[in-house]
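This report refers to the structure that appears directly beneath it.
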Amino acid sequence: MKTTILFIFLLFSIPGFSFQSNINVGFPFEHLPKHVDNSNKEVFTEIQTNASHQFSNKVSHPLVGAAVIDYNNDGAYEIFFGGGANQEDFLISYNNNKFQNIIANTGISSREATYGATAIDMNNDGFTDLLIARNDGAYLYLNNGNGTFDEKVLPINFAEDETPVSISVADIDQDGDPDLYVSVFIAAPFFESPVFNRRDHAKANYMLLNKGNLSFVDVTSNSGTAGEQNTFFSTFVDLNNDGYQDLIVSQNTGRVEIFKNNKDSTFSSIEYKSPLGFWMGIAVGDIDNDGDQDLLFSNAGNTIPTFAIRAASDLRNDQKHDQEWLLLKNEGDFKFTNAIKDYRLDGNGFAWGAIFEDLNNSGNLDFLIARNYIKFPSIVKKLRTSGRTVYEQVKIKGKSVFKSDKKWKLNNPLFGVSPLIVDFNGDGKQDILWLNINGPLRAFLNNSSNNFITFRFPDKVKYLGTKLELILDNKRIYTKEVLAGQGLLVDNSPDITFGLGQESKAKFLKITFPNGEVQTISKFKVNSINYIELNDN
């Protein structure tokens, strides 16, 4: 029996409030669909995308990314979805109740395997650009505003045995320019698993400081952010509400690393040290409504027995290894408590990208997580990793927990890499897409009948880290942050949606921008998209 388990494992290769006049709240796209009562419909309805990923073993890692982008500034979102090796990428749009691929002649497709993607206006010209990590390098695609993009290779000399897998964006020094953090993994032909201690197998990440005009300087060493192991995904989020973006790094066969932004282009590693694990996806959200962002990291879980991992790896006896997912409840001042058991998310199996989002607009953050792994033997895929990809946050005996949910029919039993959040039909409710390896991009339309308010920000770096606090008449407060990213290799919609449940209005919204400016607004539309923009003057 032990021999069989070890054989299975060897196949496992993981890879004080004042309203100011310089904030604009508007509704410029009145043609977009309005909220309707869908109480007699299923909460989610699947719509075929006709986009499907193809995986080539050994040529590339079993990873794929996507980004939400309004590439032509018409108020409707498109989805960039990566292709596998020798496969073109996709740019899909939703019109007349169906998706179509419009990537032809845009200049953003490649037949190299595509990993992570990020959409943001990099040169502040009003058009959203794309950052794409591919098997052969890291690229910036500048949007010309006419449906085409110009390719620019990021100035990183990757070694033969390393490849970028995701690119995160933040203005780390608040000079107005977007800076980049590139997560790097050992290239597929050189990958071995499970390796925890070999330094030649671990690859450093890159921090690129934008000196203006998209001129990047490598400040990895000075910033102290290289990382200790191969990294799947990293993201920026303001963890201590000081207006500066901190850095979270999810490392395979390594530790979760959290870096505090010192406000001088350097970062300090915080004291919390996680056990060694197969850390992959990152979910970010204020799950307990206490005003700060909590973090969840996915892991290999109980799919492979612990003794098998230790026997097949180079773990030392003195090294603590954990396979459970990790839920770090933010207690403030960079103090964290592991609450994975408190929220009943312990005892789960192998998982990839994870996202917190209020799926049914009830007012509580729910939880999506991609499962399954294309390189597992069939029996493991079937018995240990299927189902349980959707969790609703509910109260049991007065305590908030996440409960596996099947009534929404949103589970994804395929080889999921990450969920993606985007309002693809323009009604203000957040729809769901599942990214799958060697399978279809699955889209689910949100039909929830609960009330909501959606705020849409321009996809620009100066809004990243903006904190929103929605105060209801019953004095309940919901807090969200404009995020640099959550999930795995994906960039979700820049929209912020607050579910209201059966509440029909809110008292006001407090907005704290990264530059410290605080605004409050009380005139906004329920069950609609509210457009918010901070004037440059």
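Any value given below was found using the heavy atoms of this structure, including those in side chains, with hydrogens, waters and symmetry copies removed. Numbers here simply count residues along the sequence, with the first being 1. Bear in mind that the values here come from a model prediction, so they are computed numbers and not experimental data.
The distance between the ring centers of H201 and F191 falls below 6.0 angstrom. Taking the six-membered ring for Trp and the full ring otherwise, the centers of F350 and F278 sit at least 6.0 Å from each other. Aromatic rings from F55 and F415 are positioned such that their centres are separated by 6.0 Å or more. Ring centroid separation for the pair F524 and F455 comes in under the 6.0 Å cut-off. Taking the six-membered ring where the residue is Trp, the centroids of F149 and Y141 are separated by 6.0 Å or more.
Remark: the backbone N or O of S109 is not paired with any side-chain donor or acceptor of E88 at under 3.5 angstrom. Of the possible polar contacts, one joining the W279 side chain to the G254 backbone as a donor-acceptor pair under 3.5 Å is found.
Classified by interplanar angle (parallel below 30°, tilted 30° to 60°, perpendicular above 60°), the ring pair F185/H61 is perpendicular. The aromatic rings of F457 and Y463 sit tilted relative to each other, their planes meeting at an angle between 30° and 60°. The aromatic rings of F367 and F356 sit tilted relative to each other, their planes meeting at an angle between 30° and 60°.
With respect to the salt-bridge test (charged N to carboxylate O, under 4.0 angstrom), the residues R134 and D136 do not qualify. Using a cutoff of 4.0 Å between basic side-chain nitrogens and carboxylate oxygens, K462 and E533 are not scored as salt-bridged. The existence of a salt bridge linking D246 and K260 is excluded, since no basic side-chain nitrogen approaches an acidic carboxylate oxygen closer than 4.0 Å.
Taking 4.5 Å as the limit, some side-chain heavy atom of F336 sits within range of a side-chain heavy atom of N330.
Under 3.5 Å, the side chains of N262 and S268 contain a donor-acceptor pair of N or O atoms. A donor-acceptor contact under 3.5 angstrom links the side chains of T231 and N205, judged on distance only.
When the shell of 6.0 Å around CG of N146 is examined, it contains more than 12 heavy atoms from other residues, nucleotides or ligands. Residue D200 qualifies as enclosed at atom CG: its count of foreign heavy atoms under 6.0 Å is above 12.
No option in V490, I92, L91 other than I92 meets the side chain to side chain contact (heavy atoms under 4.5 Å, CB included) test with I79.
A search for side chain to side chain donor-acceptor pair (under 3.5 Å) contacts involving Q486 returns nothing, not counting sequence neighbours. Evaluation of the side chain to side chain contact (heavy atoms under 4.5 Å, CB included) rule for Q174 yields D171, Y244, P514 as partners, not counting sequence neighbours.
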